[in-house]
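Remarks on the structure that follows.
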Amino acid sequence: MSKQCKKRPKGHEWRHVENKKLVYTVYFVLRLSVVGMLIAQLFNQNYENVLLCVLTLVLFMLPSAFERRLHIDLPDTLEVIILLFIYAAEILGEIRAYYTSYPGWDTMLHTMNGFLCAAIGFALVDILNEEEKVALRLSPFFMAVTAFCFSMTIGVLWEFFEFSMDQLILVDMQKDTVINTISTVNLNPSHGTTAVIVQGIQDVILVLEDGTQMPLGLGGYLDVGIIDTMKDLFVNFIGAAVFSVIGFFYVKGRGGGRFATRFIPRFQRRPAQPEPPDAGPPIEEPPAENQDE
């Protein structure tokens, strides 16, 4: 039996075969790093970080699982960026505290998130557009708009998740911001709608239930999450808009752009069955004899 006729495991007949050495190398190095971090956190008895390491290892398996289950092919560039994104968010951002050590770390990740989610949204619409069984034919402009809206929806849902975690278990996923100027109607003595502006704030003193006063010592007023949320949504907007424009010209030229193809997953159809080798002209069978004779 030839190699082409050998039965392959279920789910692999759609998967695109190409050189995955880069992806496997990045995956191996990142996975090894996470395992090392997990062992270190076990010795430190930091079980919250141990759970983060386990979550990271699970997330690392999702790209290949989606490829097998959904019969899609993730371009190498997209798959590597997804793996690096997970590592940067969970290991470097949370465990190594890059979110607080580097003020632009969270902004960079949210911008990348908007870009990647727009690419995934574009791929979903493009797959439906090309599928003959689905009565959906969107123009390049509306495909770009749909991809943009998909990315922004993911960004909003993530902010809902951060807000919920902050309210339910007080983890401060929406990082607070120190500001020196506030504008609020709550300080209006007549209780009207005219905002009172307070500038030059250098410190805030908290008065607790027992009368204890606790100066924050942060050099300003502590904004609780709203500035971080709006900044995250804004940079998500930028990332989504950038790829939506790229995707528009990609579809307009019907796959001519090499840059966009590195980020757009492709649906893998079942390959056609190989035709049997040519055995020459068919042999005519002799006519059947009359059974009555």
Side-chain angles (χ1 to χ4, degrees), residues 8-38 52-95 98 105 108-131 143 147-148 150-151 153-155 157-158 235-236 239-240 242-247 250-251 255-271:
R8 286 176 289 183
K10 185 178 180 181
H12 287 261
E13 61 268 19
W14 282 283
R15 196 170 183 188
H16 182 63
V17 179
E18 64 180 49
N19 187 0
K20 292 282 185 179
K21 288 185 178 180
L22 175 62
V23 177
Y24 293 150
T25 302
V26 172
Y27 179 78
F28 176 79
V29 172
L30 294 182
R31 187 182 180 90
L32 187 64
S33 174
V34 174
V35 171
M37 181 68 68
L38 188 151
L52 282 176
C53 291
V54 173
L55 174 62
T56 303
L57 295 175
V58 173
L59 292 176
F60 279 168
M61 296 186 293
L62 292 183
S64 59
F66 285 148
E67 281 190 312
R68 291 191 299 267
R69 294 293 182 180
L70 302 180
H71 313 305
I72 61 175
D73 176 63
L74 298 178
D76 290 350
T77 302
L78 177 63
E79 195 164 352
V80 168
I81 290 179
I82 291 175
L83 295 175
L84 292 175
F85 179 86
I86 296 171
Y87 186 84
E90 299 297 333
I91 303 302
L92 298 181
E94 294 291 346
I95 298 179
Y98 276 28
W105 192 257
M108 179 268 294
L109 291 180
H110 277 278
T111 306
M112 186 183 300
N113 177 74
F115 187 90
L116 295 178
C117 286
I120 295 173
F122 216 100
L124 295 176
V125 179
D126 194 34
I127 289 172
L128 293 177
N129 241 13
E130 296 298 315
E131 182 60 41
M143 289 180 66
F148 173 81
F150 176 83
S151 178
T153 301
I154 298 299
L157 291 177
W158 177 256
V235 296
N236 192 105
V242 169
F243 192 87
S244 296
V245 173
I246 294 173
Y250 167 80
V251 176
R258 296 182 59 185
F259 180 80
T261 56
R262 298 177 180 176
F263 296 93
I264 299 179
R266 298 179 296 274
F267 181 69
Q268 296 300 318
R269 300 180 183 275
R270 184 192 291 272

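Every residue meeting the side chain to side chain contact (heavy atoms under 4.5 Å, CB included) condition with Val242, not counting sequence neighbours, appears here in chain and number order: Phe115, Ile238, Ile246. Residues meeting the ring-ring contact (aromatic ring centres under 6.0 Å, His included) test with Phe148, sequence neighbours left out: Phe237. With sequence neighbours excluded, the residues forming a side chain to side chain contact (heavy atoms under 4.5 Å, CB included) with Thr77 are Ile81, Arg262, Phe263, listed by chain and number. Applying the side chain to side chain contact (heavy atoms under 4.5 Å, CB included) rule to Val235 yields the partners Thr107, His110, Thr111; only residues at least two apart in sequence or on another chain are considered. Trp105 is linked by a side chain to side chain donor-acceptor pair (under 3.5 Å) to nothing, counting only residues two or more places apart in sequence or in another chain. With sequence neighbours excluded, the residues forming a side chain to side chain contact (heavy atoms under 4.5 Å, CB included) with Cys117 are Asn113, Ser151, Ile154, listed by chain and number.
Note that the CD1 atom of Ile91 and the CG atom of Leu55 stand 9.0 Å from one another [nearest 0.5 Å]. Of the inter-residue distances, the one linking Asp76 atom CG with Tyr24 atom OH reads 9.0 Å to the nearest 0.5 angstrom. The CG atom of Leu62 sits 9.5 Å away from atom CD1 of Ile82, with the distance rounded to the nearest 0.5 Å. In this structure, SG on Cys53 lies 11.5 Å from CD on Glu94, to the nearest 0.5 angstrom. Taking CD from Glu79 and CG from Leu84, the interatomic distance works out to 11.0 Å, rounded to the nearest 0.5 Å.
Across all their heavy atoms, Phe85 and Leu109 have their closest contact at CE1-O, 3.2 Å. Minimum heavy-atom separation, Leu74 to Glu67: N-OE2, 2.9 Å. Heavy atoms only, all atoms of each residue included: Leu116 and Leu78 are closest at CD2-CD1, 3.6 Å. Closest approach of Glu90 and Thr56 over heavy atoms only: CB-OG1, 3.2 Å. When all heavy atoms are compared, the tightest approach of Ser244 to Ala147 is OG-C, 4.2 Å.
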Name the atoms and distances for all side-chain donor-acceptor pairs under 3.5 Å in residues 31-38, with sequence neighbours left out.
residue	atom	partner	partner atom	Å
Arg31	NH1	Tyr27	OH	2.8
Ser33	OG	Tyr87	OH	2.7

**OP:** Report the C-alpha separation of Asn236 and Trp158 in whole Å, then their side-chain angles, then the decisive distance to 0.1 Å, and conclude whether the side chain to side chain contact (heavy atoms under 4.5 Å, CB included) test is met.
**Re:** CA-CA 11 Å; Asn236 192 105; Trp158 177 256; over 6 Å; no
**OP:** Verify side chain to side chain contact (heavy atoms under 4.5 Å, CB included) between Ile264 and Phe243, making sure each step is shown before the conclusion.
**Re:** CA-CA 10 Å; Ile264 299 179; Phe243 192 87; 3.7 Å; yes
